[in-house]
2 protein chains.
Amino acid sequence: MSDTITIPSPADFHVHVRQGAMCELVTPHVAQGGIRTAYVMPNLVPPITSTSRALEYKAELEKIDPKTQWLMTLYLHPDVTPDEIRKAAKAGIKGVKSYPRGVTTNSNSGIEDYSVYYPVFEAMEEEGLVLNLHGEVPSDPAKNISILNAEKHFLTHLTKLADDFPKLRIVLEHATTAEAISTVSSLPSNVACTITAHHLWLTIDTVAPQPHHFCKPLAKEPKDRQALQDAIKSGNPKFFLGSDSAPHPTSSKAPGLTDDGEPSPCAAGVYTSPFLVPLVATLLESFGALDKLEGFISAHGRKFYGEPAKESDSLTLKREKTKVPGLIRGQGGVEVVPFWAGKELEWAISQS
Amino acid sequence: MSDTITIPSPADFHVHVRQGAMCELVTPHVAQGGIRTAYVMPNLVPPITSTSRALEYKAELEKIDPKTQWLMTLYLHPDVTPDEIRKAAKAGIKGVKSYPRGVTTNSNSGIEDYSVYYPVFEAMEEEGLVLNLHGEVPSDPAKNISILNAEKHFLTHLTKLADDFPKLRIVLEHATTAEAISTVSSLPSNVACTITAHHLWLTIDTVAPQPHHFCKPLAKEPKDRQALQDAIKSGNPKFFLGSDSAPHPTSSKAPGLTDDGEPSPCAAGVYTSPFLVPLVATLLESFGALDKLEGFISAHGRKFYGEPAKESDSLTLKREKTKVPGLIRGQGGVEVVPFWAGKELEWAISQS
């Protein structure tokens with residue numbers, strides 16, 4: 001077995017780089033983790049709903065790290081009109097992210113009904129923008145909809161959108177269930193799916209006792225994890241890396257009591273950017289899919305998005321045990337506990 | 001609607017009162033929460049596997065609170081022989097608790113196979129001791145067994161034990177699934193089932209983001225919660241209160257990083273003792289079952305265990321909004337965040 005791997009220009013098609021001090025801390029970690037192209041989520045406060053705001057944000061990221069290619073997105077919202085889509089396309093914005101209302105971090109501006117956005121989707125189809133779907137419906141106890149089956153219930157929406165917009169490129173983001181893998185596999189090639197690193201390792205058993213593993217969508221049963229792993233092993237180009245790396249300050253992961261004495265809930269998100277490519281290599285090797293690494297973290301997503309790898313951007317990994325740090329500290333007291341803190345990776349970046 | 005309720009001698013048929021400083025803190029809370037009779041779990045460190053140790057523990061509890069009736073149990077373990085069962089019965093010990101290995105707090109001494117205990121169960125049947133089952137099988141990713149379906153997979157063991165020991169009284173503890181309710185309902189009257197207060201309120205949606213709601217068995221889907229509520233509403237005497245009130249120090253609910261930099265997992269348990277009867281009344285009223293309060297927290301369990309209520313032990317509740325404290329402090333820095341911290345109960349104890 002080789003002790004080095006060279007990958008042409010790794011890409012992460014779903015990453016959160018936040019705002020303010022957290023943005024300063026985590027933005028350089030994208031490149032540090034081996035990623036050359038990052039598809040940036042728009043769920044800031046307030047959400048990014050205009051081309052001008054997306055370009056401002058891109059400039060901020062380029063100021064922090066000019067070498068990484070930042071691909072920008074808008075947040076699906078009434079402000080995102082067909083005209084705004086055409087403007088966005090001209091400005092090089094790549095996609096529009098849809099958050100069902102209230103299902104994850106900063107999703108209070110999220111949508112409740114897709115049909116009102118059909119003119120927007122038509123404009124996206126014409127302009128070649130990608131629709132990125134957070135694929136969960138809001139919980140509804142009366143209908144037995146919870147965070148366990150919220151993704152499964154979303155799949156009818158995915159199928160309907162794919163049927164109604166056969167030329168629109170659609171990505172189901174961060175799939176976590178066997179049902180999602182199966183549905184995406186059965187849909188035409190305009191529908192793809194990102195898979196995170198952490199969902200290749202977590203199940204409900206390791207999420208429930210560990211706030212640092214709590215994320216949306218929740219990791220589910222072993223059979224679901226198996227389905228994600230199998231999708232990668234199959235080499236199907238519909239499936240590629242979108243890390244959903246989502247840093248939260250340590251304080252929001254181990255919450256205290258509010259003024260009312262009520263314990264505050266912990267924030268949803270798992271942070272993998274600083275060592276993403278070594279982590280993905282370690283995980284893929286653990287389930288016998290190291291030969292699919294290039295497809296999963298570069299070729300498949302790049303082909304779907306039309307963002308070919310540059311020759312000069314290749315990354316070499318070496319087989320070397322590296323310990324994930326326990327705590328990553330930034331300016332102004334910002335602290336993040338990364339995924340796999342204290343655990344050992346089997347691979348390290350040898351040459352950038 | 002009446003503004004007071006009088007209940008003959010409330011009983012909690014599943015409670016953890018711990019050891020050391022935590023025991024000093026929480027033991028008086030049982031009576032404070034309105035409970036007259038407490039069925040005490042044996043999962044101490046080391047577990048209680050002998051009559052003499054159970055009697056010592058009982059004496060410790062009586063020293064702290066002599067007024068509460070403490071019903072004692074043994075921990076199913078190779079040390080618990082048929083002879084020990086006969087000794088335990090003579091000493092007034094009421095039951096034996098079985099923990100599948102590794103599924104919850106201090107269960108490392110738990111059992112892996114019931115058949116080796118058949119002679120013990122025969123002795124229990126003869127002596128009238130109750131078998132209390134933590135009804136979860138250990139997780140096994142290869143078989144897709146996780147903490148989500150561990151209880152469902154246990155039900156075949158429950159059914160087999162009930163078939164093999166038709167005269168043994170068996171309690172499935174802290175049921176959390178519709179399948180458990182349905183299985184217990186279908187088994188003969190020697191099989192009963194405890195239901196906690198917290199599982200009448202929690203679902204996976206409120207557990208996943210909140211370490212203070214993490215417990216084993218995990219709260220599951222809305223349909224499961226509905227089944228627990230419906231079991232109580234039905235008035236079926238097989239179902240009665242076992243709070244599984246299980247205090248953990250705040251530090252083990254908001255864990256830090258180990259020396260390796262790895263975040264430690266949070267402890268499983270929800271603490272309800274200090275306001276248990278008002279909480280149960282509030283919850284039962286919320287789903288239209290206040291008329292079943294007496295059966296659920298006194299009559300059904302007392303009849304099953306053969307521990308009739310004493311006239312003099314009745315408890316009166318009054319309709320009065322009371323806020324649950326955010327933090328309960330004991331000696332030596334012991335701190336516990338109770339369930340529903342900061343929330344309002346609709347009922348209070350008016351007269352003990």
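Throughout, a chain's letter reflects where its sequence line sits, starting with A, and its residues are numbered from 1. Small disclaimer: the values here were computed from a predicted structure and weren't measured.
- Other residues, nucleotides and ligands contribute only 12 or fewer heavy atoms inside 6.0 Å of the NZ atom of B/Lys152.
- Residues B/Arg225 and A/Pro141 are in side-chain contact: their nearest non-hydrogen atoms beyond the backbone lie under 4.5 Å apart.
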- Message: Walk me through whether B/Asp260 and A/Lys323 qualify under salt bridge (Lys or Arg N to Asp or Glu O under 4.0 Å).
- Response: CA-CA 9 Å; B/Asp260 277 343; A/Lys323 198 168 157 178; 3.8 Å; yes

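- Of the possible donor and acceptor atoms, one in the side chain of B/Gln210 sits under 3.5 Å from a partner among the backbone N and O of A/Ser264.
- In plain terms, the two heavy atoms of A/Asn144 and B/Glu221 that are nearest each other are ND2-OE1, 3.3 Å.
- Taking A/Ala150, A/Pro325, A/Ala208 one by one and counting their heavy-atom pairs under 4.5 Å with chain B, the maximum is reached by A/Ala208.
- Counting heavy atoms from C-beta outward, B/Asp205 and A/Leu148 have side chains that stay 4.5 Å or more apart.
- Checking A/His213, A/His212, A/Lys253 one by one against B/Pro263, the side chain to side chain contact (heavy atoms under 4.5 Å, CB included) holds for a single residue, A/His212.
- Within the 4.5 Å cutoff, no side-chain heavy atoms of A/Ile147 are placed close to those of B/Thr203.
- Shown here for A/Pro222 and B/Ile145, the closest heavy-atom pair between the two residues is CG-O, 4.4 Å.
- B/Lys143 NZ: 12 or fewer foreign heavy atoms inside a 6.0 Å radius.
- For A/Val207, no part lies under 4.5 angstrom from a heavy atom of chain B.
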